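Per chain, numbering begins at 1; letters A, B, ... match sequence-line order. What you see is a predicted model, and the numbers here were worked out from it, not measured in a lab. What's counted below: heavy atoms across the whole structure, side chains too, no hydrogens, waters or symmetry copies.
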There are 2 protein chains.
Amino acid sequence: MSELSIFKSEADDPVVHGHRAADDLFREFEKMIISGKLADGEPLPPEREIVESFGVSRTVVREAILALSNKGLVEAKPRYRPVVRKPSFDTAIDTVGNVVSMLLEDSEGVKNLFDTRVMVEVYLARQAALEATREGVQSLKDALEENEAAIDNMELFFHTDIKFHRVMYTMPGNPLLVSIHKAYITWLKPNWTKMPSLPARNRLNFESHTAIYNAILMRDPEKAEEAVRKHLSDAWQQINKILSGSH
Amino acid sequence: MSELSIFKSEADDPVVHGHRAADDLFREFEKMIISGKLADGEPLPPEREIVESFGVSRTVVREAILALSNKGLVEAKPRYRPVVRKPSFDTAIDTVGNVVSMLLEDSEGVKNLFDTRVMVEVYLARQAALEATREGVQSLKDALEENEAAIDNMELFFHTDIKFHRVMYTMPGNPLLVSIHKAYITWLKPNWTKMPSLPARNRLNFESHTAIYNAILMRDPEKAEEAVRKHLSDAWQQINKILSGSH
DNA sequence: GATCAGTTTTGGTATGATCAAAACTCAATA
DNA sequence: TATTGAGTTTTGATCATACCAAAACTGATC
């Protein structure tokens, strides 16, 4: 590929092959949104007004707005004024949501995604074991107790399960990780909700969580890693059962 | 928030607030692209033809195509026929590129992204130390040697540096990881290329790479982790110097 | 068979019109 | 005074049409 393109350093694809008017307008608004001139939550001006102030046709305006909408910079319900949405890692993830879920059609894609989740959670568990704060451990404990209390309530258990994991993603204090967790939930949920959830299974999962928590409490990264791997490996087997059953 | 929305299980936001005609068309094409009825690389039919076959106005067709383009399902150079592009994790990442780079305006965002990179590479190094194949280690060695040979050539060193890391991302055999690596490069490059690169610095980086390689060779995950952390910590200090200098 | 001028096709943009839903106005009402 | 609801205006969604310039196509030419 571009292995040898060392010398034409700018050759990626920045060739501005003639720009569309709508692109310019798009960038204009993009800038306004970043700079805050268009505040979060504020509606865009009416199309006809934009037409006037920018001296372009309505076609162009609509295309620009549509682009903003597709990129997640504005939220556009039909017939309503598009509303400005300041971008975040979350909105970025939303934007690719559709495409990604297409990639999860085959079990190969799901497996690849799941493997990265294992990677992340193993890392998080190790880190937690090494340097979790007192508050962090406390949050984890709280989540664990909520989890236990919900063993007999399928719906509630599902949520407390997610919450336990989310606490893990929250502990390092990196908001990107929280977004990533949300993405995992969103993308893997379809496979997850398909499987029958029995109280017995809930109990097993709760025990896995407990093992993770204990390892962290004992400041034992190896045990924490092992516990996470076991937990997720179980989960994967469940998911895989579903996947291979449906293909 | 929706912490308590346990009972209205479908309540995320599936309120189908009346759909646009363009949305339908978009989904139509989306399906055709997934199913392969529109093959990768194939151009879309002319707009006027679509108008005829779907019985909608050209406006709608254009909006649908624009949406496809924004989602990365087709590649649309101005004045050229849009070309179908089968989605991959790479294209997904491209799609969010703009938004993400906006999030990297402040050093906070960059730091968060960089931290996840540390996470990934620490994990990769540990895994490599534990279970790298003979071929994997060999690839790493090759990359290392290329890296050394390029110490006096800034441009080339930059590329061999990247390549060394890429090999690490390749070793687990998960294509998603490779996409992630590409994303890191793309997003962090702007900060990276700003810093002055001296042969002395190149040498230090090469030595860091060597340390990582050796730890993997010795099957010592702890050392591998430590080496990666040190390497990336150095890199971050450099980046941070740039960031704090420019704000 | 390669090349190039001429024609047709097609994407980009502009205009204006129509329709239904949303937003707004304001008087009647409690 | 606050509220409500009918009536009016605004506005997003869609369509039809037109024009231009660049791309794609066609043939004749060498």
Side-chain angles (χ1 to χ4, degrees), chain A residues 13-30 32-33 37-85 98, chain B residues 13-30 32-33 37-85 98:
Chain A
D13 61 23
V15 189
V16 188
H17 21 39
H19 54 288
R20 288 176 254 239
D23 282 347
D24 295 342
L25 226 198
F26 169 79
R27 259 175 268 285
E28 206 70 37
F29 276 101
E30 191 184 37
M32 285 198 259
I33 292 175
K37 252 162 79 179
L38 284 173
D40 193 31
E42 188 178 334
L44 251 42
E47 295 180 354
R48 289 165 173 86
E49 203 170 293
I50 301 175
V51 165
E52 205 178 340
S53 51
F54 285 85
V56 290
S57 80
R58 208 156 145 233
T59 313
V60 172
V61 172
R62 300 204 93 244
E63 292 198 351
I65 291 179
L66 186 54
L68 289 169
S69 165
N70 286 323
K71 297 284 184 184
L73 296 180
V74 304
E75 194 173 354
K77 290 185 291 186
R79 297 232 144 260
Y80 282 78
R81 212 78 145 303
V83 171
V84 174
R85 280 276 166 258
N98 279 356
Chain B
D13 60 23
V15 189
V16 187
H17 22 44
H19 54 290
R20 285 175 259 239
D23 280 349
D24 295 341
L25 228 197
F26 168 80
R27 259 176 268 284
E28 206 69 38
F29 276 101
E30 190 184 35
M32 284 198 260
I33 293 175
K37 250 160 81 179
L38 283 172
D40 193 29
E42 191 179 333
L44 250 45
E47 295 179 355
R48 289 165 175 86
E49 204 170 291
I50 301 175
V51 165
E52 205 177 340
S53 51
F54 285 86
V56 291
S57 80
R58 215 171 135 215
T59 311
V60 173
V61 173
R62 300 203 94 246
E63 292 197 351
I65 290 180
L66 187 55
L68 289 169
S69 165
N70 287 325
K71 296 285 184 184
L73 296 179
V74 303
E75 193 173 357
K77 291 184 290 187
R79 299 232 144 259
Y80 283 79
R81 286 275 263 312
V83 171
V84 174
R85 212 171 144 202
N98 278 357

Taking all heavy atoms of A:Pro45 and all of A:Ile50, pick out the closest pair and write down the distance.
O-CD1, 3.6 Å

Over how many whole Å does the gap from A:Glu63 atom CD to C:dA14 atom P extend?
10 Å

A:Arg79 CZ - D:dT11 P separation (whole Å):
13 Å

Non-hydrogen side-chain atoms of B:Phe54 and B:Val61 separated by less than 4.5 Å
no

C:dA14 base to A:Thr59 side chain: any donor-acceptor pair below 3.5 Å?
yes

For C:dT13 and A:Ser57 - does any side-chain N or O of the residue sit under 4.0 Å from the phosphate oxygens OP1/OP2?
no

Name the nucleic acid region contacted by B:Arg81, choosing base, sugar-phosphate or nothing; use a 4.0 angstrom heavy-atom cut-off, strictly under.
sugar-phosphate

Take atom NZ of B:Lys77 and atom P of C:dT10, then tell me their distance rounded to the nearest Å.
18 Å

Is there a donor and acceptor pair closer than 3.5 Å between the side chain of A:Arg48 and the base of D:dG12?
yes

For the pair made of CD1 in A:Ile50 and C1' in D:dT11, what is the distance, rounded to whole Å?
12 Å

Nucleotide nearest A:Arg58 when distance is taken to its side chain, options D:dA13, C:dT13, C:dG12:
D:dA13

What closest approach, in Å, do B:Val51 and B:Ser57 show between heavy atoms, and which atom pair accounts for it?
CG2-C, 4.0 Å

Provide, to the nearest angstrom, the distance between the CG atom belonging to B:Leu44 and the C1' atom belonging to C:dT10.
13 Å

Over all heavy atoms of both residues, which pair between B:Leu66 and A:Glu63 is shortest? Give the atoms and the distance, please.
CD2-O, 3.4 Å

Stepwise salt bridge (charged side-chain N to carboxylate O under 4.0 Å, His left out) check, B:Asp40 with B:Arg85
CA-CA 5 Å; B:Asp40 193 29; B:Arg85 212 171 144 202; over 6 Å; no

Tell me the interatomic distance from A:Leu66, atom CG, to D:dG12, atom P, rounded to whole angstroms.
14 Å

Figure out the CD/P separation between B:Glu52 and D:dC15, and round it to whole Å.
15 Å

Result for 5'-nearest mapping on DNA chain C, choosing between A:Ala22 and A:Tyr80, is A:Ala22

Compare the minimum distances between each of C:dA14, D:dA23, C:dG12 and the side chain of B:Pro78, then state the nucleotide with the smallest one.
C:dG12

Expressed in angstrom and rounded to an integer, what is the separation of B:Leu25 atom CG from D:dT14 atom C1'?
13 Å

